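One structure is given below, encoded as structure tokens.
Note that the structure is predicted; figures quoted are calculated from it, not measured. Convention: sequence-line order gives letters A, B, ...; per-chain numbering from 1.
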Protein chains: 2
Amino acid sequence: MTAPDTQEDAPHTGAPVPPHRTPRGTLSRELLLDAAMEIVRIGGADAFSMRALGSRLEVDPTAFYRHFRTKNELLDALADILIAGDEPLPSTGDARADLRESLHQLRRCLLRHPTMAAVILRRPPGGRAYWERANHAIGLLRGLGLSAEAATSVYQTLLFYCLGHVLSEARAVAAAVARDRRPGTPTATFNPPAHQLPDLAAAVPFLRADTRTQFNEGLDLILGSLPAPG
Amino acid sequence: MTAPDTQEDAPHTGAPVPPHRTPRGTLSRELLLDAAMEIVRIGGADAFSMRALGSRLEVDPTAFYRHFRTKNELLDALADILIAGDEPLPSTGDARADLRESLHQLRRCLLRHPTMAAVILRRPPGGRAYWERANHAIGLLRGLGLSAEAATSVYQTLLFYCLGHVLSEARAVAAAVARDRRPGTPTATFNPPAHQLPDLAAAVPFLRADTRTQFNEGLDLILGSLPAPG
DNA sequence: ACCTGAACACCGTTCAAGT
DNA sequence: ACCTGAACACCGTTCAAGT
């Protein structure tokens, strides 16, 4: 039922992506997006450049400008695919549970390629998948008896919390990847300078908690103040 | 008391940053950071490159590698300065109010240069200012009677919410800047495709709400479930 | 109609050479 | 000790030319 909580970005060796010969005249948005996703899957977000896309499809690096006006436009299309994911939006009838699950889903979608998450989150949201998620979640909140205004407010709080959490997890993955590439660098994230910061020192043991549970605790906190089911 | 809620990034004309003649042998970390901050202030995050820094200081673009090992290291030092801000951490005795104010402070620090926010938030946090803020906030939460574990959990929820909110605001500013550079592009953020998304359509009027108030509402929601003052 | 390839105006970083 | 400058290996994008 629940997709595995994996982060499947590749070892980021910067290794060349194997080419896929493309017959002339067959370039399409779909083919380009597939190839781009494959590059990200194999080499992470850093590996994705117009030139890399060109060499993967054995096509001139400038051939895409017929299908996407800019790299950012291609990126937005890629983001929409990732945000859509491959699971249907939850609708078990239990609005509270569905809401929680829909945010877990969004987190999983974005963390599927952690190095991509930060890149996606820098762009203003515009894809259909993003707005469908918003519509779904706001609908669930209104189903709990909230006004449109209150539902919007709560949704934005949940969404921003989710985005911040994902960003933070994605950063940690990126840092770990960088450490593997150039070993010897300590993990700054979980080795904070707790010297002369006593309350931080007390918190350090709890910063290591697994991030899915941590995410869920935050959801509990935010959802805790909602009206009880009637 | 409260700093103005401004976002003071420049018009981002890409205009050349005026040079500041630098006598030989006087390059220092501090001078480099000052110049870098000035470039960001004038031209936004996009204008900041090693070469731009070089031409501003009238120095070879590779002269910095004595003081910072990489551009990212310089960026992290810059981030620390921004996160530190220029206001003291609030300590009025009212832990709840101080907590709220400390998060408003963090938001203001990061939004001081909105184009920089997304760049900063991509990097793993490591600076002293970041950890001092964490220590301060966790201390306040423990002062409210929370255990170290609970305080850590609540702090992370608040922090991630704050980061997501800031990211979202920064994205909107960046989009607005891009629109000014190439006018005619509609605002996707606040013109969601509400067609066939009725709950989203109902929410649209409330998405425009001013972002400071919106931020505060989210804080209320998260802080609402904390134990009442004893 | 669709793709090519040269070209433009950039990047971050390294390293031998200068002063 | 400190800075220079050429060089390396890249970027995204434009546009005239080809097929």
Fill in the blank from the handout: In whole angstroms, the gap separating P of C:dG12 from CZ of B:F68 amounts to 15 Å

Completion exercise
A:D199 meets the salt bridge (Lys or Arg N to Asp or Glu O under 4.0 Å) criterion, sequence neighbours left out, with B:R142

Problem - Side chains of B:E169 and B:H165, donor plus acceptor under 3.5 Å - result: yes

Exercise for the section: List in chain and number order the residues that pass side chain to side chain contact (heavy atoms under 4.5 Å, CB included) with A:R123, two or more places apart in sequence or in another chain; answer none if no residue qualifies. Expected result: A:N72, A:L75, A:D76

Handout entry: d(CG, B:L31; C1', D:dC2) in whole Å
Key = 15 Å

Problem - Value in whole Å for how far the C1' atom of D:dT14 lies from CZ of A:R69 - result: 15 Å

Problem - Straight-line distance of B:T115 OG1 to B:D46 CG, nearest 0.5 Å - result: 6.5 Å

Problem - Residue pair B:Q156 / A:L207, side-chain heavy-atom distance below 4.5 Å - result: yes

Exercise for the section: Treat primed atoms plus P, OP1 and OP2 as sugar-phosphate and everything else as base, then score nucleotides 6-11 of chain C 5' to 3': B for base contact with protein heavy atoms under 4.0 Å, S for sugar-phosphate contact only, - for none. Expected result: BB---B

Practice task
Using both pair distances under 3.5 Å as the test, note the stems of at least 3 consecutive Watson-Crick or G-U pairs that include DNA chain C.
Solution key: C:4-8 with D:12-16, C:12-16 with D:4-8

Practice task
Check the distance between D:dA16's P and A:Y65's OH and give it to me in whole angstrom.
Solution key: 17 Å

Handout entry: Atom-to-atom span, NE2 of A:H67 to P of C:dC2 - whole angstrom
Key = 7 Å

Practice task
Taking side chain to side chain donor-acceptor pair (under 3.5 Å) as the test, write out the residues that go with A:S168, two or more places apart.
Solution key: none

Exercise for the section: Find the distance A:F64:CZ to D:dT14:P and express it as a whole number of Å. Expected result: 14 Å

Practice task
Answer whether the closest heavy-atom distance between the side chains of A:L74 and A:H67 falls below 4.5 Å.
Solution key: no

Practice task
Using atom CZ of A:R66 as one end and atom P of D:dT14 as the other, report the distance to the nearest whole Å.
Solution key: 12 Å

Practice task
Using a 4.5 Å cut-off on heavy atoms from C-beta on, say whether the side chain of B:M37 contacts that of B:L78.
Solution key: yes

Handout entry: Between D:dC10 and C:dA9 - P atom distance, rounded Å
Key = 22 Å

Practice task
Nearest whole angstrom, please: distance from the C1' of C:dC2 to the CG of A:L57.
Solution key: 15 Å

Completion exercise
Contacts of A:S102 meeting side chain to side chain donor-acceptor pair (under 3.5 Å) (sequence neighbours excluded), chain-then-number -> none

